[in-house]
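Labels below follow one simple rule: chain letters A, B, ... track the order of the sequence lines, proteins then strands, and each chain is numbered from 1. It should be emphasised that the depicted structure is a prediction, and the values quoted were computed from it without experimental measurement.
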Protein chains: 2
Amino acid sequence: MGDPLKISDAPALDDANAPDGVGSESMTSRAYMRLREDIISGELEPGRKLKIEELRRKYDVGTSPIREALSLLTSDHFVERIDQRGFRVSDVSAQEFEELLKTRCWLEERALRESIANGSPEWEERVVLANYRLSRMPRSEASDHFVANKEWEAQHKHFHMTLISECGSSMLLKFCDQLYDQAIRYRQLSGTKAYPARDIAEEHSAICDSVLARDADLAADLLVKHYRRTSKFLSDELND
Amino acid sequence: MGDPLKISDAPALDDANAPDGVGSESMTSRAYMRLREDIISGELEPGRKLKIEELRRKYDVGTSPIREALSLLTSDHFVERIDQRGFRVSDVSAQEFEELLKTRCWLEERALRESIANGSPEWEERVVLANYRLSRMPRSEASDHFVANKEWEAQHKHFHMTLISECGSSMLLKFCDQLYDQAIRYRQLSGTKAYPARDIAEEHSAICDSVLARDADLAADLLVKHYRRTSKFLSDELND
DNA sequence: TACGGTGATTTTATAGATATTTTTGCAATT
DNA sequence: AATTGCAAAAATATCTATAAAATCACCGTA
C-alpha cells in the first residue's frame with residue numbers, strides 16, 4: 001500500500017525540465033502545466049477568454065484534457081469558470097494584490113514561527129544550503145539590464161519554502177505555495193524592468209541568521225519586511 | 001462588462017435546495033455537488049476507488065462531467081488523482097486530523113483578530129443575528145438520540161464564517177471555508193453517536209459577547225478552545 | 001517461489017452530436 | 001436617421017459515445 005506513486009496534486013513549476021526520457025504523464029498533466037506556465041508568464045493575459053478550440057490547437061490535445069486542466073486551474077485561482085459560458089484567465093487588480101500580500105505575510109509568519117519552534121538540526125542545514133545556493137545565483141541573466149533568471153526564481157522559491165517547511169502542517173504549506181505562485185504572476189505581469197538595486201541577498205542572509213539563532217520575532221519581522229519591500233514596487237505600478 | 005454573472009467558483013453546499021425553476025447549471029456543477037456531498041457524508045468512504053463508469057451510472061451523466069467534477073474535487077482535497085490510474089476518495093488519518101485542527105486554529109485566529117480590528121457595526125449585527133439563529137436551532141433532529149440536523153450544520157458554519165468575514169482577505173476566507181468542510185467530513189465519518197452533553201450554545205454566545213466587546217485576545221482564546229473541545233472526541237475515536 | 005506473458009478491466013483521449021450563448025441582420029417604431 | 005426589438009445564424013460550450021492506451025490480475029512455466 002505504501003507505493004511511491006506520483007500524485008499530481010500540485011505539480012511544481014520546476015517539473016518543466018523533464019528529462020525527455022519517460023514521458024509517462026497524462027495529457028491532462030501536460031496541458032495543466034503548460035497552461036499554468038503561460039498564465040503565470042503573462043502570455044495568456046488576465047481576463048482573456050480561453051476558447052477550448054483555440055487551446056486545443058495551440059497545445060495539440062483533445063478537448064477533454066484541456067477542459068480538465070482548466071478545471072484544475074480554477075482552484076489555483078488562475079482561471080475562472082462560468083457555467084455554460086466557458087473559461088477565462090482570472091483578472092488581476094491592485095486591490096487583490098494587496099490582499100495577496102497581506103495574506104501571504106499572515107500565513108508565512110505563522111508557518112515560520114512554527115518551523116523555528118519545531119525545526120530539526122537537519123532543517124537548519126537545509127536552510128543554510130538553500131540560502132547558499134540562492135546567493136550563488138545571478139538575479140538577472142544579463143548584467144546590463146534585467147532579464148528574469150528562471151533558475152534564480154526556482155531557488156528563491158525553494159529558499160522561502162524551506163524556511164517554513166517544518167511548520168507541521170502540509171495544508172498550510174500548500175496554501176503558502178499557492179499564494180507564492182499567485183504572487184509570481186503579479187511580478188511577471190508588472191514589467192520587471194526597473195528592479196530595485198537593494199541588496200536582496202543580504203536580506204536573505206539576515207533571515208537565515210535569525211532563523212539559526214531561533215529568534216522567531218526577529219525572523220518574522222525580517223521576512224514580512226522583505227515581502228513588503230519586494231511588493232512595494234508592484235503596488236505602485238498597479239495603482240497607475 | 002460589469003455583468004452580475006454567476007461565477008461557480010466554489011459552489012456552496014446549500015445550493016442543493018434549488019428552486020427547481022431555472023435549472024441552468026451545468027452537468028459538471030451538479031455532479032460536483034453531488035459527489036462532494038456523498039464524500040462528506042461518508043457514503044463514498046475514504047480510500048475508495050472512484051471508477052468513472054460506476055459514477056457515470058450512479059449520477060446519470062457522461063464521462064466528461066464526472067471527470068471534470070473529480071478534477072475540481074482534487075483541489076478541495078476530497079479526491080486524489082493518480083495519473084493513468086484514476087481517482088480515489090482521499091484517505092483520512094488521525095495525524096491528518098490533528099494537522100487540520102491545528103491549521104484551522106491558526107488561520108481562524110488570525111482571521112478573527114483581523115475581523116475584530118476592522119469589523120463594521122453592520123458586521124456586529126450579522127454576528128448577533130447568526131448566533132441567535134443558531135441558538136434557536138435544535139442540534140439533533142430527534143430528542144432521545146442524536147440525528148444530525150442539516151439545518152443546524154448550515155447555521156453553525158454560517159456563524160463561524162460570519163465571525164471571520166471581515167478579516168479583509170477573501171483568500172484567507174476561502175482557505176477557512178475549505179478547512180471547515182474537511183472537518184465536517186471527519187465529523188461525519190467518526191460515528192456522531194455519543195455527542196458531548198456540554199452546552200455548545202453557551203460557548204457560541206460567549207464568543208459572540210467577546211467579539212462585541214472587541215476583546216480580541218479573549219475571543220481568540222474562546223474560539224480555539226471551542227474547536228479543540230469539539231475535536232477532542234473525534235481524535236480519541238480515530239486513535240483506536 | 002519468482003518471473004513473464006496474456007486477457008480483461010479501467011483510464012484516457014478523440015471525434016461527433018446537442019444545447020446554449022452570442023452575434024448579426026433586418027424591420028418596425030420613435 | 002437613429003434606436004430598439006426580434007429572429008435567424010454563427011460560434012461556442014457541453015455532453016455522449018466510441019476507440020486507443022495503459023494498468024492490473026491471473027495463470028502457466030521455469
How many Å lie between CZ on B:R67 and P on D:dC15, as a whole number? 15 Å
Provide, to the nearest angstrom, the distance between the CZ atom belonging to B:R88 and the C1' atom belonging to D:dT23. 13 Å
Between B:K58 and B:D60, does any NZ, NE, NH1 or NH2 come within less than 4.0 Å of an OD or OE carboxylate oxygen? no
Expressed as a whole number of angstroms, how long is the span from A:R81:CZ to C:dT20:P? 15 Å
Between C:dT12 (P) and A:Y32 (OH): distance, integer Å: 16 Å
Selection from C:dA15, C:dA13, D:dA17 that lies nearest to any side-chain heavy atom of A:T28: C:dA13
To the nearest 0.5 Å, tell me how far A:E114 CD sits from A:E166 CD. 12.0 Å
Output yes when A:R187 and A:E153 qualify as a salt bridge under the 4.0 Å nitrogen-oxygen rule, no when they do not. yes
Let me know the distance between CG of B:D83 and P of C:dT12, rounded to the nearest Å. 7 Å
Within this structure, what is the OH-to-P distance between A:Y59 and C:dA13, rounded to whole angstrom? 16 Å
Hey, does B:T63 reach any base, or is it just sugar-phosphate, or nothing, if we go heavy atoms under 4.0 Å? base
Would you mind telling me which residue lines up with the more 5' stretch of DNA chain C, B:S64 or B:E53, judged by nearest nucleotide? B:E53
Please enumerate all residues that pass side chain to side chain contact (heavy atoms under 4.5 Å, CB included) together with B:P138, with sequence neighbours excluded. B:N149
Pick out the pairs of N or O atoms, protein on one side and nucleotides 10-12 of chain D on the other, that lie under 3.5 Å.
unit_1: D:dT12; atom_1: OP1; unit_2: A:K51; atom_2: NZ; d: 3.3

A:F78 side, atom CZ; A:R36 side, atom CZ - distance, nearest 0.5 Å: 5.0 Å
Step by step, would you call A:R81 with A:D83 a salt bridge (Lys or Arg N to Asp or Glu O under 4.0 Å)? CA-CA 6 Å; A:R81 178 204 188 99; A:D83 264 10; 3.6 Å; yes
Interatomic distance, B:E68 CD vs D:dT16 P [rounded to whole Å]: 11 Å
Rounded off to whole Å, could you give me the CZ-to-P distance for the B:F87 and C:dT11 pair? 9 Å
Hey, could you give me the CG/CZ distance between A:L55 and A:R34, rounded to the nearest 0.5 Å? 10.5 Å
